[in-house]
Amino acid sequence: MNDSSPTTTTTRIAVIGTGYVGLTTGVCLAHLGHEVVCCDLDERKVEQLRAGVVPIVEAGLPELMAEVVEAGRLSFSLGSDPAVRTADIVFLCVQTPQDEDGSADLSYVKAAANEIGPMLEPGAIVVNKSTVPVGSAQVVAHALGRDDVHVASNPEFLREGTAVHDFLHPDRVVIGAETADVAARIAALYDGIDTKIVSTDTASAEVIKYAANGFLAMKLSFINSVAAICEQVGADVLAVADGVGSDERIGSKFLRPGPGWGGSCFPKDSRAVIQIANEYGYDFSLMRYVIQTNEEQFERMVHKVIRGARRSPEQSLDGVVVAALGLTFKAGTDDLRDSPSLRIANELARRGARVKAYDPTATGELSAVQSERLAAFDLCSSPIKAIEGADVAVVLTEWPEFAALDLEEIRTALRGNAVVDCRNLFDPEKVRAAGLNYQGVGRS
Ligand code: UGA
């Protein structure tokens, strides 16, 4: 999968923050031939990384990390000193959580910039990779307190679960810089990758990041609405998505209907873009409807389960047992942040159902975060154990192992006979042929 070739010019790089963006960026830049130090303030995490343990589920990352550490091009540091003192380029990859009003909280970005300011070599470049509001390059420049260094923007478009692949095979690399020389120095980091470089000013680069996530969220809300129509008119949304997506102007990607979109990025960024627009006096009403449509999608999924349990939305789900298959916001990650699957399962529990849940990333010993977020469920060690004695089995996350489940076994294990497939993993005909009552998304 990592067939991009290492570069010839080596740059010394410090990466601040080892979340999935920072760690993937550091590992992949080291893979491209650069000398990288990944810095974090979390002592436990740095120790783990030094021991070769990748603390997140991310395909290909542990292998590539081991390779570049072994080659001597990647190391880990507690804090940014001394890595930043010798770095040609510093990437800021710290978190930008959401403030109460929906705007991005820049306190981590500012704190990191404050800290590294005095350490930077003259001429060094500080690159914002965190998702930051328009104008953040100036905020960082101010926090650095230096006029002999540069600030640029190089937004990331990595999807969790396929971040390594996305880094090494991007559709484009966006670089926002105020001079051609700075842009060229950043572009040179990606020399080993065959892709289009979109070179622009910092504000445009910052807008590109929000516009890309906003557009993708809009596409998903759109197809989920089309799915709702399909259910009413007796059409199949998968055929519709294929027919619509075959038009190259529209494109077939991101047209998979589901339980609603979530994760650590779309919900936060779609609210932030509305907030940014508000600040500049523009009401981004389209984005408000995109979010509202997504809220309605969660509710529609909950109603499908209620129907499967032969109750009405006004009734409590007391006495109903639901098997929740999948809890992470999508397959291929252990991330529970803003997970539609978790939200739907929690809503069913709140309405009185006993929720027996299974997720491949939540078996065995749980992390503190998992224990807290999954407290409302009876966690099971296999999908079939979750289904045993349930009235409704609901597929919430598209883990491939669910598609491989034996339908006869599901029917025997269930107490009721309803399957709600929020990810359209199953073939409806086959499920019905097994004597089960099937509801998918957009498949009448
Ligand atoms: C998203 C973007 O895809 C990345 O380009 C971006 O870099 C990242 O946010 C970010 O800003 O950091 P990610 O949050 O990892 O990446 O997840 P996606 O794969 O985009 O999925 C987001 C949500 O949409 C999930 O809930 C997923 O289940 C849902 N989805 C996605 C669908 O329901 N249908 C689809 O066809 C695709």
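When a ligand or atom number is given, it counts from 1 through the structure's own listing order. Sequence positions, counted from 1, serve as the residue numbers for this chain.
The protein heavy-atom contact nearest to atom 1 (C) of ligand 1 is Phe266 CE1, 3.5 Å. Ranking the protein heavy atoms by distance from atom 35 (C) of ligand 1 puts Leu220 CD2, 3.4 Å first. Of all protein heavy atoms, the one lying nearest to atom 15 (O) of ligand 1 is Glu160 N, 2.6 Å. When only non-hydrogen protein atoms are considered, atom 25 (C) of ligand 1 lies nearest to Phe329 CD1, 3.6 Å. At the top of the distance list for atom 17 (O) of ligand 1, counting protein heavy atoms only, stands Lys330 NZ, 3.2 Å. The protein heavy atom nearest to atom 3 (O) of ligand 1 is Arg159 CG, 3.3 Å.
Within the structure, side chain to side chain donor-acceptor pair (under 3.5 Å) pairs that include any residue of residues 227-245 comprise Glu231-Lys304 (at least two apart or interchain).
Residue Leu158 places at least one N or O, backbone or side chain, under 3.5 Å from an N or O of ligand 1. Not one N or O of Glu398 is nearer than 3.5 Å to an N or O of ligand 1, by distance alone. Not a single N or O atom of Trp261, backbone or side chain, sits closer than 3.5 Å to an N or O atom of ligand 1. Between Arg256 and ligand 1, an N or O atom pair is found at a separation short of 3.5 Å. Polar contact with ligand 1: absent for Ser264 (N/O pair, distance under 3.5 Å).
Residue Glu156 approaches ligand 1 through these ligand atoms, each under 4.0 Å from one of its heavy atoms: 7 (O), 10 (C), 11 (O), 12 (O). Against a heavy-atom cut-off of under 4.0 Å, Lys209 is close to the following atoms of ligand 1: 6 (C), 7 (O), 10 (C), 11 (O), 12 (O). Residue-ligand proximity, Cys265 to ligand 1, at heavy-atom distances under 4.0 Å covers atoms 8 (C), 9 (O), 10 (C), 11 (O), 12 (O), 14 (O). For ligand 1, the atoms sitting less than 4.0 Å from at least one non-hydrogen atom of Leu255 are 36 (O), numbered in the order shown with element in parentheses.
Contact annotation for Asn213 and ligand 1: only side-chain heavy atoms (C-beta onward) come within less than 4.0 Å of the ligand. When non-hydrogen atoms are compared, ligand 1 lies under 4.0 Å from neither the backbone nor the side chain of Ile223. Contact annotation for Arg423 and ligand 1: only side-chain heavy atoms (C-beta onward) come within less than 4.0 Å of the ligand.
Ranked by closest heavy atom to atom 5 (O) of ligand 1, the top entry among Phe254, Phe157, Tyr20 is Phe157. If you check each of Pro259, Gly262, Gly19, Gly263 against atom 23 (C) of ligand 1, the one with the closest non-hydrogen atom is Gly262.
Taking the six-membered ring where the residue is Trp, Phe266 and Phe254 present tilted rings, their angle falling between 30° and 60°. Ring geometry for His169 against His165 counts as parallel: the plane angle stays under 30°, on a 0 to 90° scale with 60° as the upper cut.
Remark: the backbone N or O of Thr18 is paired with a side-chain donor or acceptor of Lys45 at under 3.5 angstrom.
Side chains of Glu156 and Tyr20 form a contact here, defined as non-hydrogen atoms less than 4.5 Å apart. Put simply, the side chain of Ser153 reaches to within 4.5 Å of the side chain of Pro155, judged on heavy atoms. Counting only heavy atoms from C-beta outward, the side chains of Met301 and Phe298 never approach each other to under 4.5 Å. You'll find the side chain of Phe76 stays beyond 4.5 Å of the side chain of Val15, heavy atoms only. Annotation: side chain of Pro340 is in contact with side chain of Phe329 (closest heavy-atom distance under 4.5 Å). Side-chain contact between Leu106 and Thr96 is present, with heavy atoms from C-beta onward closer than 4.5 Å.
Atom CZ of Phe157 has more than 12 heavy atoms from other residues, nucleotides or ligands within 6.0 Å.
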**Request:** Go through Thr397 and Ser341 one step at a time and tell me if the side chain to side chain donor-acceptor pair (under 3.5 Å) criterion holds.
**Result:** CA-CA 6 Å; Thr397 307; Ser341 314; 2.9 Å; yes
